[in-house]
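Just so you know, residue 1 is the first one in the sequence shown, and it goes up from there. Values in this document were obtained by computation on a predicted structure and should not be read as measured data.
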Amino acid sequence: MNKALLTDGDEKKKGNNKFVYGTAVVLGCLFSLGLLIGGGFEKAGTVTYLWENPRQCAVSCFRFIAWAILFTLLLNAIYHISLNKKKGIWIWGQDKKVIRFLFEEHAWAAPFVCMVAAWIPYVIFLFPGTISWDGMEALTSAFRYMEWTNHHPFFSSGLMRVAIEIGRALGNENIGFFLYTFCQLLLQSGLFAAVFCLMKKMKVPYIIRILTLVWFAFFSVWPTNGYAMNKDSMYYIVFLAFMLLTSFLLKSNEFQKGKALFYTVYFISMLSVCLFRNNGIYVLILSLPFVAAVGTRRRRKEIGCLILALLLFWVAYQKLLLPGLDISPGSSREMFSIPFQQTARYVKEHGDEVTGEEARAIAAILDYENLAQLYEPELSDNVKWTYNDNAVTEEKLSYFKVWFQQFLKHPVTYFDATLNNIYRYFDPTQEEFYKGVSGEYEISGPDFYYKYFSFQQNESFREERKMLRGIAESVKRIPGVGMIYGTGLYTWILLAVFGAFVVKKKYHAMVLPVPLLVSLLVCIASPVNGCQRYMLPILVSLPVLVCWIFERDTEEF
């Protein structure tokens with residue numbers, strides 16, 4: 001009998017090993033493909049480079065197989081470590097007083113203080129904060145120095161205006177600017193610290209908590225973006241709040257008390273996600289049904305009510321509030337980066353095949369005459385900004401009819417256009433498109449915006465700001481480590497974490513990666529190939545997902 005039980009156990013273990021290995025193989029092949037395509041576009045700007053001649057085809061096949069084997073073995077090892085809770089990283093640090101002080105006795109306060117202390121140089125030398133081109137445009141429109149549209153979310157732009165108005169009332173715009181950026185930085189610190197409270201609850205290994213603290217405290221992306229007056233900063237902060245609350249919801253089958261308060265705060269986090277980024281509503285609508293599906297019947301009704309309330313609010317916000325305040329809607333061109341890039345590349349490469357009728361259909365939507373010259377393979381803004389907002393439905397339908405017909409003629413051109421505009425999101429060896437360090441160190445933007453405002457940074461700290469940027473650039477140049485300033489690494493981590501959810505059979509918690517996967521799709525549809533600023537909601541939420549992979553306490557809160 002014991003022998004039979006042992007055999008059954010061995011068979012089960014063998015089956016689990018095959019399942020783990022199979023997941024690693026699939027992801028290993030995807031990672032290898034990402035490297036292969038990224039390298040091809042970096043060298044030649046086309047996927048056909050990978051098989052343009054027999055020699056190159058053989059080299060591509062060899063690289064694909066070699067990388068796939070390497071990544072499969074690596075992922076297989078990581079997944080087995082996450083499954084073994086009795087040794088290694090799971091038990092390290094349990095007897096160390098400093099670690100227990102930081103992560104057990106003061107799980108929120110200690111990380112909060114550490115992060116704020118690490119960011120003090122940024123607070124001093126970048127005072128009163130930074131602002132990008134987009135931020136300056138949003139602020140200028142909020143004061144109605146130009147047309148105020150919802151291209152930059154009304155709520156976000158409005159808060160910026162309130163802050164500057166406070167500064168003007170006090171006689172110095174810098175005061176209002178600092179009030180906005182410093183409060184935002186403190187909010188960021190508080191929510192980052194809350195991640196460690198979740199880790200404590202779930203008994204995540206201390207080594208994971210230490211790495212997370214280093215990641216938050218010393219990665220320059222967080223203080224530079226958290227101390228910036230931009231819509232993207234508040235968006236990733238409230239996105240993290242939504243992810244933390246969703247984690248709490250999934251760990252709590254039924255509330256013993258405080259249900260009304262929790263759902264109120266949860267709903268506020270949902271509203272914030274929508275109000276600070278126009279595509280936030282799509283992230284929620286595609287994610288919340290999954291959250292409802294894994295709960296009890298009562299939970300499904302409760303989440304359903306929240307979804308309904310969110311939709312009603314959004315309709316009222318878009319159709320009543322914004323028109324009532326004379327806020328114009330943003331252009332629909334934001335949704336069409338992919339097809340516009342495909343059309344532009346088609347015209348550039350196959351312009352002699354475009355018929356007069358096709359040219360007229362395209363010209364009704366885009367600047368056909370200059371399309372080939374405007375085409376930039378990794379940035380769709382040049383093409384997108386020629387979109388005719390006054391085009392009628394019939395003209396749009398005619399354009400998309402031509403778009404589909406041209407796809408049938410030259411599908412590879414369409415695939416090249418799309419892959420050329422997204423490959424950096426899947427290849428960790430590629431730096432982001434703007435080749436920077438994913439954060440502002442100066443108040444920047446076009447000169448014609450400056451005439452409206454008087455806020456400015458302290459010129460006596462110019463060298464210190466250069467020093468901070470130089471430190472980030474030095475880290476970026478370190479082989480391997482510098483990948484943290486790109487985008488592909490985080491796509492890989494997200495997919496690997498999703499694979500870990502599958503391997504560990506945490507099916508009820510697989511709803512957590514959904515908002516991040518939807519955010520990745522938003523990045524793919526964005527105008528820029530590899531912009532880390534767009535990926536900040538993913539970056540900031542990865543530690544929350546890691547909690548579920550390395551949790552030791554599977555009990556409900």
Query raised in the report: So which of Tyr266, Tyr236, Phe248 actually passes ring pair (Phe, Tyr, Trp, His ring centres under 6.0 Å) with Phe242?
Result: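 Among Tyr266, Tyr236, Phe248, the one that satisfies the ring pair (Phe, Tyr, Trp, His ring centres under 6.0 Å) with Phe242 is Tyr266.
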Query - Option among Tyr449, Phe453, Trp148 that satisfies the ring pair (Phe, Tyr, Trp, His ring centres under 6.0 Å) test with Phe143 - result: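 Of the listed residues Tyr449, Phe453, Trp148, the ring pair (Phe, Tyr, Trp, His ring centres under 6.0 Å) partner of Phe143 is Phe453.
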Can you see whether [X] engages [Y] through a side-chain donor-acceptor pair at a distance of less than 3.5 angstrom?
X      : Y      : answer
His350 : Thr413 : yes
Asp134 : Ser132 : no
Gln188 : Trp222 : no
Ser332 : Tyr387 : yes
Tyr485 : Glu432 : no
Glu147 : Ser328 : yes
Glu173 : Ser454 : yes
Thr343 : Gln406 : no

Look up atom [atom1] in [X] and atom [atom2] in [Y], then write down how far apart they are to the nearest 0.5 Å.
X      : Y      : atom1 : atom2 : result
Met270 : Phe313 : CE    : CZ    : 13.0 Å
Thr491 : Leu520 : OG1   : CG    : 5.0 Å
Glu378 : Cys531 : CD    : SG    : 12.5 Å
Leu489 : Leu494 : CG    : CG    : 11.0 Å
Ser398 : Glu358 : OG    : CD    : 12.0 Å

Considering non-hydrogen atoms only, spot the tightest contact between [X] and [Y] and give its length.
X      : Y      : result
Ala364 : Asn388 : O-ND2, 3.2 Å
Thr386 : Leu374 : CG2-CD1, 3.6 Å
Lys231 : Pro153 : CD-CD, 3.6 Å
Tyr425 : Cys523 : CE1-O, 3.6 Å
Val540 : Phe216 : O-CZ, 4.2 Å
Ser337 : Ala525 : CB-O, 3.5 Å

Closer than 3.5 angstrom, by distance alone: can the side chain of [X] be matched with the main-chain N or O of [Y] as a donor-acceptor pair?
X      : Y      : value
Ser233 : Asn225 : yes
Asp416 : Thr46  : no
Asn278 : His151 : yes
Asn174 : Gln456 : yes
Asp381 : Pro527 : no
Lys384 : Gln341 : no
Gln532 : Ile484 : yes
Asn421 : Val528 : no
Trp314 : Ile281 : no
Gln184 : Ala228 : yes

Any chance the rings of [X] and [Y] have centres within less than 6.0 Å?
X      : Y      : result
Tyr122 : Tyr227 : no
Trp133 : Tyr434 : no
Tyr399 : Trp403 : no

Query raised in the report: Stepwise, does the side chain to side chain donor-acceptor pair (under 3.5 Å) test hold for Gln430 with Tyr423?
Result: CA-CA 9 Å; Gln430 305 289 337; Tyr423 72 86; 4.5 Å; no
Do [X] and [Y] have side-chain heavy atoms sitting under 4.5 Å apart?
X      : Y      : answer
Phe192 : Thr212 : no
Met115 : Pro111 : yes
Phe127 : Asn458 : no

Query - Row check, Tyr441 ring normal vs Arg465 NZ/CZ: under 6.0 Å, within 45° - result: no
Query raised in the report: Is Arg345 positioned over the aromatic face of Phe407, cation under 6.0 angstrom from the ring centre and no more than 45 degrees off axis?
Result: no
For [X], is the [atom1] atom crowded, meaning more than 12 foreign heavy atoms sit under 6.0 Å from it?
X      : atom1 : value
Phe267 : CZ    : yes
Tyr145 : OH    : yes
Phe415 : CZ    : no

Query raised in the report: Between Lys476 and Glu431, is there a side-chain N and carboxylate O pair less than 4.0 Å apart?
Result: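 Salt bridge: yes.
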Query raised in the report: Trp215 vs Tyr490 aromatic rings, parallel, tilted or perpendicular, using cut-offs 30° and 60°?
Result: tilted
